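So the structure is just underneath, and the comments pick up after that.
Here, residue 1 is the first one in the sequence, and each next residue gets the next number. All of these numbers come straight from a predicted model, not from anything done at the bench.
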Amino acid sequence: RFDALLPGQHTKVLALKGLGGIDLAGADLLISEIRRARAAGGDYHIIVAHIGLVRALRRFGVIGVLGQDHLHPTKTMAIAAAVGGVPNRRCATCRARVYQECAGKPAPADVERSRSPKMLTDVYSGF
């Protein structure tokens, strides 16, 4: 569904907040999505803080496919890693400077390199 709504998004961050466990089918789905994102030239990051879930992801082979460096305990860390992995050539044409981490990336000449939290509220002003 996200791919249909936001075509061209190559880097994905999935937060497994509130999820205390996972079964083999869920792990298999995650592995498929990780491989699909990477086959399309993108990347995948997972946020998980529950140690029991981390153990299950390791046991089912998800972390082996994902890579330990793509597993994050906080959203801030995941976004920093994800933005850091986006090629500069892609950032140079991006007009949506959504994350503070975007400030260190190239931007079109007529676009601010960073956005303050106050400006981010403009995204939600129509709701």
Side-chain angles (χ1 to χ4, degrees):
R1 186 171 88 189
F2 288 112
D3 290 337
L5 289 171
L6 300 166
Q9 299 298 315
H10 298 286
T11 300
K12 298 178 175 144
V13 177
L14 176 65
L16 298 179
K17 184 177 180 181
L19 189 64
I22 191 168
D23 61 9
L24 185 56
D28 189 47
L29 174 67
L30 284 175
I31 289 170
S32 295
E33 288 300 307
I34 294 163
R35 288 182 173 151
R36 188 165 70 92
R38 290 180 176 162
D43 208 353
Y44 212 92
H45 295 265
I46 295 178
I47 305 164
V48 60
H50 191 277
I51 193 66
L53 182 54
V54 172
R55 288 185 187 119
L57 292 173
R58 183 168 283 115
R59 186 174 64 250
F60 288 131
V62 175
I63 296 175
V65 173
L66 178 69
Q68 185 72 38
D69 59 332
H70 284 67
L71 185 70
H72 311 281
T74 68
K75 182 169 72 170
T76 300
M77 294 171 77
I79 290 171
V83 169
V86 175
N88 283 343
R89 69 182 179 282
R90 181 168 301 209
C91 294
T93 61
C94 179
R95 305 190 68 73
R97 312 310 285 184
V98 178
Y99 302 108
Q100 291 176 354
E101 291 80 3
C102 295
K105 296 292 226 170
D110 62 335
V111 173
E112 279 189 61
R113 290 177 61 92
S114 66
R115 303 201 61 179
S116 68
K118 182 175 187 261
M119 293 171 76
L120 287 177
T121 60
D122 296 341
V123 173
Y124 300 108
S125 63
F127 295 99

With a 4.5 Å cut-off on side-chain heavy-atom distances among I, L, V, M, F, W and Y, is there a chain of contacts connecting [X] to [Y]?
| X | Y | result |
| --- | --- | --- |
| V98 | V83 | yes |
| I63 | V65 | yes |
| L24 | V54 | yes |

Between [X] and [Y], what is the shortest heavy-atom contact and its length?
| X | Y | value |
| --- | --- | --- |
| H72 | A81 | CE1-CB, 3.5 Å |
| P73 | A49 | O-CB, 4.0 Å |
| N88 | P106 | OD1-CD, 3.4 Å |

Quick one: are H45 and K12 in side-chain contact, heavy atoms under 4.5 Å?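 Not in contact.
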Could you walk me through whether T74 and M77 satisfy the side-chain contact (heavy atoms from CB on, under 4.5 Å) test, starting with their C-alpha distance in whole Å, then the side-chain angles of each, then the deciding distance to 0.1 Å, before giving a yes or no? CA-CA 5 Å; T74 68; M77 294 171 77; 3.1 Å; yes
Can you tell me if K105 uses its side chain to pair, donor with acceptor, with the backbone of C94 under 3.5 Å?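 No, K105 side chain to C94 backbone: no donor-acceptor pair under 3.5 Å.
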Spell out, as yes or no, whether a donor-acceptor pair under 3.5 Å connects the side chain of H50 to the backbone of G52.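 Indeed, once roles are kept as given, a pair shorter than 3.5 Å links the two residues.
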[atom1]/[X] to [atom2]/[Y] distance, rounded to the nearest 0.5 angstrom?
| X | Y | atom1 | atom2 | result |
| --- | --- | --- | --- | --- |
| R58 | Q68 | CZ | CD | 5.0 Å |
| Y44 | R35 | OH | CZ | 13.5 Å |
| R90 | T11 | CZ | OG1 | 7.0 Å |

For residues H70 and D43, is any side-chain donor paired with an opposing acceptor at under 3.5 Å?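 Looking only at side-chain atoms, D43 and H70 do form a donor-acceptor pair, the distance falling under 3.5 Å.
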Quick one: do I22 and L16 satisfy side-chain contact (heavy atoms from CB on, under 4.5 Å)? Show the steps, please. CA-CA 10 Å; I22 191 168; L16 298 179; 5.5 Å; no
